[in-house]
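Reading through the structure tokens given below for one structure.
Both ligands and their constituent atoms are indexed starting at 1 by order of listing. All values reported here derive from a predicted model rather than from experimental measurement.
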Amino acid sequence: MLRFDDAFVRSLPADPVAENSVRQVRGAAFSLVHPTPVKAPKLLAWVPKVAALLGLPEAATEEWTHVLAGNTLVHGMKPYAAAYGGHQFGNWAGQLGDGRAITLAEVLAPGGRFELQLKGAGPTPYSRRADGRAVLRSSLRELVCSEAMFHLGVPTTRALALVATGEPVERDLLYDGNPRHEPGAITTRVAPSFLRFGTFELPASRNDVGLLKELVDFTLTEHFTSLGPPSREAYVRLFEEVVRRTAVLVMEWQRVGFVHGVMNTDNMSILGLTIDYGPYGWLEGFDPDWTPNTTDLPGRRYAFGNQPSVAQWNLMCLANALYPLVNDEAPLAAALDAFADLAASQQLSTTRAKLGLSPLESRDDADRALLRGLFTALMTTEIDMPLFFRRLADVTPVDRELADEQLVGRLTDAFYRPDEVRGEVQAGLAQWLRAYLERVAGDPLDAERRRARMNGANPLYVPRNYLAQTVIQAAEQGDLAPLHEWLTVLEHPYDEQPGRERWAGKRPEWARHQPGSSMLSCSS
Ligand code: AMP
Ligand code: MG
């Protein structure tokens, strides 16, 4: 028997208009709205570990398939869509809100309190000009990546299930005027809360300080109990904590090579979780300028290397939104300024783990220089980030004796254009490797522990875009075996899994320019 507790609905003001029509919703945190039933629900994936977290059965039942398709409600559910705004690509976009997400309930579960949220369950008052639906490819990508992130140890929302709707959804994938019908699907997402920076920006933008205060007080009392009851000081502590969590989050993305793709303030979780998986991507060739999102190509605002500074910019928007409750700029500005140091120290510690180095304070400056050298070396030719770090763990100080060609040759697996790794490129890589191995030789960690530390920080299996594409194509043809195998592989991203090498392979040439593999759009 599930236990529900509708804290959000109970504590915060509801939209007084009951009709499910697109409109501006003022003075309310959410609108009560039911999912729109679908024709032929079919369960495509069920994540037993998330089910266990919620106290649900290990295998999906017929009843739950219908609930997660939006066709029936369990007694006690009060479904709603939340109101929020956001800065999109740097510009204030006004009211956005859950245009296709509907929270069914808050579950009081053995593993804590969780929102159970459907994504793609039909229109809400926040759907603007869109249909409230989601296509199979994007729903599958969200399910897989959020679970992968969890097993990588990166803060994230989770996913319980993927249900096909049996209804087609029209999408223009390349935004080139050629829409096509694609199968529709709904992901069930699970998180303690889906509150976003934009949740607070919306009432602040409307000078609705009363609603803003209710939302912030709710956040403090429900989700940040350790920060004390609402007060000006607690609001500042809340902001400091969000800054800290966001710095950790974004540097964890850098560690594993994740590019969110749409870091708008409406896609930034107040809990410091990765949320809203859309046109995200995983770095293969190491390139700080790379963005998976075609919509982002002109400015590359959300490129890999920009993620830390964008996170800080987004935090500035949050600080502005909280300002009316604090009425003092200094503590908010100080907390925002602390972001750079937090991110830098987080980067130093994660990169040391990636390189298998002990945190020696006397080495801070030298290690930072080693890092800068690494980033430069990684860009001299196209180098696969996951494979590079895995192969690096197998290189040892005795390899310093090798000639450049043999030394650099230890990493050949990671090179996309091995014939390019000659002359200066080879010499540059060899020079960095020797400096690095010198440092390793002087480190107190023994060889075995070093390798374990590195392999524990450098995932072998990440949801590479081309793999997603092949899994999606199979699922669209009705073959779910690759999806299920992939989900199993991604449960142990740091462990070698003999026989499953194909899930770790670097991007094949055919995928270099293929939509879905190298180019993704917001069309989902
Ligand atoms: P995103 O950038 O994907 O996080 O979405 C930005 C806003 O657009 C959010 O308010 C979404 O709810 C909304 N949205 C995106 N796709 C749809 C859709 N198919 N139907 C309704 N709203 C949507
Ligand atoms: Mg979003």
Side-chain angles (χ1 to χ4, degrees), residues 15 20-25 29-31 33 35-36 38 70 79-103 115 117-139 141-142 145-146 156-157 159 165 167-173 175 179-187 189 191 193-202 205 259-271 273-281 291-296 301-302 310 314 317 520-524:
D15 174 3
N20 188 3
S21 61
V22 171
R23 60 179 181 272
Q24 290 293 306
V25 175
F30 62 90
S31 305
V33 56
T36 305
V38 299
Y80 68 87
Y84 56 82
H87 279 86
Q88 297 184 315
F89 295 93
N91 304 306
W92 175 243
Q95 176 183 299
L96 298 167
D98 286 335
R100 56 174 168 174
I102 294 179
T103 293
E115 268 187 48
Q117 185 180 81
L118 306 184
K119 183 167 171 182
T124 76
Y126 309 95
S127 297
R128 296 179 293 158
R129 284 175 301 281
D131 57 7
R133 293 296 183 191
V135 292
L136 173 59
R137 76 182 139 80
S138 73
S139 299
R141 281 170 50 88
E142 174 138 20
C145 198
S146 55
T156 180
T157 63
T165 60
E167 293 177 4
V169 174
E170 191 180 77
R171 288 290 181 271
D172 187 354
L173 175 63
Y175 295 125
R180 66 175 183 113
H181 287 285
E182 299 186 45
I186 298 172
T187 325
R189 311 197 290 188
S193 167
F194 288 89
L195 288 166
R196 300 136 194 275
F197 292 8
T199 309
F200 307 95
E201 288 180 276
L202 184 60
S205 77
V259 191
H260 184 287
V262 203
M263 284 178 73
N264 294 333
T265 56
D266 51 302
N267 292 336
M268 296 292 293
S269 148
I270 202 77
L271 299 183
L273 308 172
T274 313
I275 51 169
D276 280 12
Y277 292 86
Y280 66 79
T291 174
N293 183 357
T294 48
T295 316
D296 188 34
R301 180 182 176 86
Y302 298 143
V310 170
N314 290 341
C317 295
L520 293 140
S521 72
C522 284
S523 157
S524 60

Protein-side N, O or S atoms sitting under 2.8 Å from the Mg ion (ligand 2) are N267 OD1, D276 OD2

Contacts of R133 meeting salt bridge (Lys or Arg N to Asp or Glu O under 4.0 Å) (sequence neighbours excluded), chain-then-number -> none

The ring pair (Phe, Tyr, Trp, His ring centres under 6.0 Å) partners of F30 (sequence neighbours excluded) come to F8, Y80

Would you call S193 and E115 a side-chain contact if the rule is heavy atoms closer than 4.5 Å? yes

Query raised in the report: Is it true that the side chains of D98 and T124 contain a donor and an acceptor less than 3.5 Å apart?
Result: no

Are F197 and I270 packed together at the side-chain level, in the sense that at least one heavy-atom pair is separated by less than 4.5 angstrom? yes

| said: Under a 3.5 Å threshold, yes or no: a donor from one side chain and an acceptor from the other, between T157 and Y277? | reply: no

Can you give me a line-by-line list of nitrogen or oxygen pairs between ligand 1 and the protein shorter than 3.5 Å?
from: ligand 1; atom 1: 4 (O); to: N267; atom 2: OD1; distance (Å): 3.0
from: ligand 1; atom 1: 4 (O); to: N267; atom 2: ND2; distance (Å): 3.4
from: ligand 1; atom 1: 4 (O); to: D276; atom 2: OD2; distance (Å): 3.4
from: ligand 1; atom 1: 8 (O); to: R128; atom 2: NH2; distance (Å): 2.6
from: ligand 1; atom 1: 10 (O); to: G97; atom 2: O; distance (Å): 2.6
from: ligand 1; atom 1: 12 (O); to: G97; atom 2: O; distance (Å): 3.1
from: ligand 1; atom 1: 12 (O); to: G99; atom 2: N; distance (Å): 2.8
from: ligand 1; atom 1: 16 (N); to: R100; atom 2: NE; distance (Å): 3.3
from: ligand 1; atom 1: 19 (N); to: D131; atom 2: OD1; distance (Å): 3.1
from: ligand 1; atom 1: 19 (N); to: R133; atom 2: O; distance (Å): 3.2
from: ligand 1; atom 1: 19 (N); to: R171; atom 2: NH2; distance (Å): 3.2
from: ligand 1; atom 1: 20 (N); to: G132; atom 2: N; distance (Å): 2.8

*asked:* Pairing donors with acceptors under 3.5 angstrom, does anything connect the side chains of Y175 and T295?
replied: no

inquiry  = Distance alone, cut at 3.5 Å: any donor-acceptor contact between the side chains of R189 and T187?
reply    = no

Of all heavy-atom pairs linking G85 and W92, the shortest is CA-CH2, 4.0 Å

